[in-house]
Each structure stands twice: as structure tokens, then as C-alpha cells.
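Keep in mind that the numbers below use all heavy atoms, side chains included, and drop hydrogens, waters and symmetry copies. Index from 1, following the sequence. Since the structure is predicted, the reported quantities are computational estimates derived from the model, not experimental observations.
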Amino acid sequence: MITAYADNNLDAKGHAETWAKQFKDFDGLVCIYGYGLGYHAAALLEAAPKCKAIFFDPIQKTLRESAKHNRQLLTDDRIAITNDRGSFQGCFGRMVDRWKGIRLGALPAYEFAMVSEYTEFSQWFCREVQTMMSDACTALRFSTDWTRNYLENLALVHQAPPIAPALGAWSKLPFIVVSAGPSLNDHKMLSALRKLQDRAMIVCAGSSFRKLQREGINADMVMSFDGGLSNFFCHFEDMNDTTAPLIADLIVHHKVFSCYKGPKLLMSVWPGPMLDAMLGVPIGSIRIGPSVANTCFDLGLKLAADPIILFAQDLAFTGGKTHASDTHAEWTWFAKGNYEIMAENEACPFVDTSGKSIITNHSMITFGHLFNGLIEQLGKNGPKIYNCSHPEGMHINGAELITPEKLTEVVSGKDLSELKKSIFKELLNSRPYDLRRCIKILRLYLDEGTKLLYRMTYDPDVNFKTIMRHERIALYFFALQ
């Protein structure tokens, strides 16, 4: 029907030019639902020659037909055309400039003929942008601390072999991400976790680490990348009796990295090849998220685990608390009715994707959005996802809510402790880094950073839209890669 609309429109080029006027001189990224025969794409690039554009057309037949028209557009690096959401996300990540605008639109025929499909696509798109902006805001807020930690931790990098050799090594085996939601207080939850210690790989966030230690539950890894000093004081200070490897990025606070008594593994949450280039080996790229649990989830995907279990991922103030007891973040103010403190911590009512009303905050809503997006990307061929959390917590799309009793039945009874020992022994015994190469490349990056600082001080033509003034120099240091 869409193709017929285009074929029967005698002034397709004129209508396309009229439509494209809304984007005149726009220099950001335009995302369009529908492609048609390419008239609108050509008109858009004419009206906004500095923009980049991604066209998502769900109709395969239309894309085949469009190849016969405007062939020169297929080689224009300003646009991308796809009918696959995974490919769309890849194009989006490659083409977006976070300091410029993003606009969403649709071809008129698609907007009116595919109302429900376009509505669903636009909602999905908004979730993707929200996740991206959350990551960007995190980077801006902590860029200076991250750079300082990066350089401090680089001196100790020889203590932390890369996680890369283990990626894919846990294929089709259960993987549990333990968070610090209030449901972690439940003795049934703790009992289930004890039973699963030898039957699954358990990775916890720093916020739940102390709780597990006190309960006598041994995590296989504890993940951290928070660059703030509070991360050390709240979660890692005086943790001297642990054998669990710390898996961290160099942006983690340097006291966490230097004072941790157990073994350490290195991952790279910052996109790009800079750390790999400096150390001369693949480190293992794990997608950073607004919460450590989001990043633990991606680690499970990179390990090829199946199923992946989200454990105590309540994402709501269940039982009047935000977190489990024995965690630094535990608050009981909501149960006490202290609405002044509640307001300070941005507690708010929220209707989740299942239609259930919960009390949560904006940070947890963002964490939930990212889980929804990540699981949606997996599709039908992805691993099975379970959510063993409080039933009154936030619903996570695509994650089957499961009780702790049922979880112990679902997870295979096979003892995997020897396999885990073998994987970690091989990882921790490796020392693959070329530190001389690291120092040489770091000197080059620092030279580039010095030149950039000089330009920002004395060159009036520096583009501050992309460099974001000199207090953001730390973020740009990472972008030099």
C-alpha cells in the first residue's frame, strides 16, 4: 500500500520537498520512520545538508523497490537505511553527536497508514534516547573524577588481567546478577542463593557485596566502576576476607582498586579501543549502564550465559525501603512516613509497563528502561531471562517473574564449581600487558590533551559545542582515541 501511494503520487518530489522544510538547516541526527522510494531522503539532504539521517522502513518490499530509484543515496555516508532495529541501534550509536539535536519523524504515508506501528516505534525510540542521554549525563558529571582515577589505577593495571579471554566461556550456563533491592532481606531469597552457589555463576554489585558476605554467600565476582570516593567507604572499606575477584574498569575510584584485598580483573566500559591500544591486548568491552546491575547483565550476555537471572532487582521501594538491610544505601524513611526526606530522594509514583502502580524514583525508572531495551534487543533467540525479585517491584519486559523456590528447580542441579575454578585460574594467572607500550601511547594522549588545552585557552575558533568548555576537558581526553 505504501509503494502504491508513492507510485500514484504525480508530484512525489514536490511533496517530499514540502515535507523536508521542517528540517531546514538542521545539523543533528534525523531518524525517520519509512523510506519509500527515496524522494524524501533526497529532499531532506537538500534542505539540511549538514544533518545525518537514519531511515527505518519495516516493509522489505519497499526497500527492494527503492533500490531502483535514487541509487546515489545508497552510497551517501550521511544516511543509513535499515529495516532491523538492531542495525538501527548500531547506526544510531555510530552517527549520533550527543551535543547536537536528535529529531524523530515519519513519512506522511507511513504516519497515517501505520499509526499503531509508528506509535510503538516512537515509544521504543524514546526509550533508546533516554538511555543514551542517561549515559552521557553520567559521563559529563563524573568525567574529571574518572580521568583522575584512570591515571591512578593505570599504575596498578598489572595486578588485573583482562576479562576478554573468558567472554563466551560460560555458554548456556546460568548466571545470576545480585542487586541490593529490599527483597534480598527475604530468607527464602537468601536460602535459594545459597543453594545455587555451585550451580550458577553469581556476580553482585558493590551495593550488595557486604550483605552477601555477612550472610555467608560467596559471589564469584563483584563488579564496580563508580568513580566516587563514597563507593569505597560505603561498599569496600574493611572488606579484607574476600576471595571473590573484583571486576572493574580503570575509572573506578582508585582506593577501591588499590585497597581491594582479593584478586582483580579488568574490563572496559568506556566505548572505543583506547585501553586495548594502550595495553596491547583486548580487555573485554562491557556496556556501561546507569546502574552496575545493568552492566552485570551485559557481562552475562558477553559470557554467553543462559539463563540470566536478575536477583533482588526490585527497582521500587518495596516494603517501605529502597535497599536491603546491611547495605549502606538502606533507608527506612518511607515506612516512617517522612515525606520531607522522601521528597529529597525524589520518590514518586510510577506506572510500570505491566500497568502496575509502584513507588520508585527517577534513577530506578532509568535502570528499568535500560533493562527493557536490552532484553527487547535480544529477541526470540536470546537467553531466557528470569526476574527473581519482589512481586510488587517494577515489571521488566521479557523477564519472567519467578519465586526463589521455583528458581532452584529451574536451574540445573549440575555442580559447576570446578569449571568456575578453571576459568578464574586461567584468567588470574595471565599477565599479558606490554607496559612499555602503555607508557608510550599514554604520553601521546597526554600530548594531545595538552595541545587541546592550549587551543581552548588561546584559540578563539575552538568549537565549544563539541569540546564543552575547559571544565569538560577530562571527558574529551577519553574522546581523543
Side-chain angles (χ1 to χ4, degrees), residues 142-169 201 203-204 206 209 219-229 231-232 235-286 288 292 295-296 299 302-303 420-449 474 477-478 480-481:
F142 296 112
S143 57
T144 303
D145 289 340
W146 284 358
T147 303
R148 184 182 299 113
N149 293 330
Y150 194 97
L151 296 175
E152 290 265 6
N153 291 330
L154 201 55
L156 301 174
V157 73
H158 61 282
Q159 299 178 2
I163 190 67
L167 301 184
M201 184 174 289
V203 179
C204 70
F209 185 39
D220 295 300
M221 285 185 280
V222 54
M223 179 182 286
S224 186
F225 53 81
D226 188 337
L229 180 60
N231 181 31
F232 170 73
H235 307 314
F236 293 97
E237 188 179 29
D238 301 325
M239 296 294 286
N240 297 323
D241 57 346
T242 179
T243 58
L246 169 71
I247 177 168
D249 185 283
L250 293 183
I251 62 175
V252 73
H253 195 274
H254 57 89
K255 288 186 73 68
V256 173
F257 205 74
S258 62
C259 297
Y260 191 77
K261 300 300 183 183
K264 293 186 277 282
L265 291 168
L266 187 64
M267 64 177 178
S268 178
V269 299
W270 197 267
M274 183 174 74
L275 190 56
D276 293 23
M278 289 177 68
L279 296 176
V281 294
I283 302 304
S285 179
I286 311 298
I288 190 172
V292 176
T295 307
C296 287
L299 173 62
K302 299 289 173 57
L303 288 169
K420 289 192 285 187
K421 287 179 184 177
S422 173
I423 291 172
F424 286 115
K425 181 179 180 180
E426 185 175 347
L427 280 177
L428 295 170
N429 285 340
S430 65
R431 291 291 184 271
Y433 303 135
D434 183 346
L435 297 183
R436 289 186 178 181
R437 172 193 176 96
C438 176
I439 293 170
K440 180 179 179 180
I441 295 178
L442 178 61
R443 184 178 295 145
L444 292 175
Y445 285 135
L446 292 176
D447 286 346
E448 288 294 325
F477 169 81
F478 282 97
L480 288 173
Q481 61 186 284

I'd like to know whether Met267 forms a side-chain contact (heavy atoms from CB on, under 4.5 Å) with Phe225, so could you lay out the CA-CA distance, the side-chain angles of the two residues, the decisive distance to 0.1 Å, and finally the verdict. CA-CA 10 Å; Met267 64 177 178; Phe225 53 81; 4.0 Å; yes
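- Listed by chain and number, the residues in a side chain to side chain contact (heavy atoms under 4.5 Å, CB included) with Ala166 are Ile163, Leu303, Ile423, Leu427 (sequence neighbours excluded).
- For Lys420, the salt bridge (Lys or Arg N to Asp or Glu O under 4.0 Å) test picks out Asp220, with sequence neighbours left out.
- Nearest heavy-atom pair across Leu265 and Pro245 is CD1-CB, 4.1 Å.
- Using the six-membered ring where Trp is involved, Phe236 and Tyr260 have ring planes that are perpendicular, over 60° apart on the 30 and 60° scheme.
- With sequence neighbours left out, Glu237 forms a side chain to side chain contact (heavy atoms under 4.5 Å, CB included) with Phe232, Phe233.
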Could you walk me through whether Tyr433 and Ile283 pass the side-chain contact (heavy atoms from CB on, under 4.5 Å) test, one step at a time? CA-CA 10 Å; Tyr433 303 135; Ile283 302 304; 3.9 Å; yes
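- Residues His235 and Phe209 share a closest heavy-atom pair of O-CD2, 4.3 Å.
- Scanning both residues, Leu156 and Ser258, for their nearest heavy atoms gives CD1-CB, 3.6 Å.
- Under the rule for a side chain to side chain contact (heavy atoms under 4.5 Å, CB included), the partners of Ser430 that lie at least two apart in sequence or sit in another chain are Pro161, Pro432.
- Under the side chain to side chain donor-acceptor pair (under 3.5 Å) criterion, Gln159 pairs with Lys264, sequence neighbours left out.
- Of all heavy-atom pairs spanning Ala219 and Cys204, the tightest one is CB-SG, 3.9 Å.
- Judged as a side chain to side chain donor-acceptor pair (under 3.5 Å), and not counting sequence neighbours, Thr295 has no contacts.
- Under the 4.5 Å side-chain criterion, counting only non-hydrogen atoms from C-beta, Glu152 is not in contact with Phe257.
- In terms of heavy atoms, Pro282 sits closest to Asp276 at CA-OD2, 3.5 Å.
- A donor-acceptor contact shorter than 3.5 Å is absent between the side chain of Lys261 and the backbone of Thr242.
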Listing, residues 246-254 side-chain donor-acceptor contacts under 3.5 Å, not counting sequence neighbours, or none:
residue : atom : partner : partner atom : Å
Asp249  : OD1  : Ile251  : N            : 2.9
Asp249  : OD2  : Val269  : N            : 2.7
His253  : ND1  : Lys255  : N            : 3.1

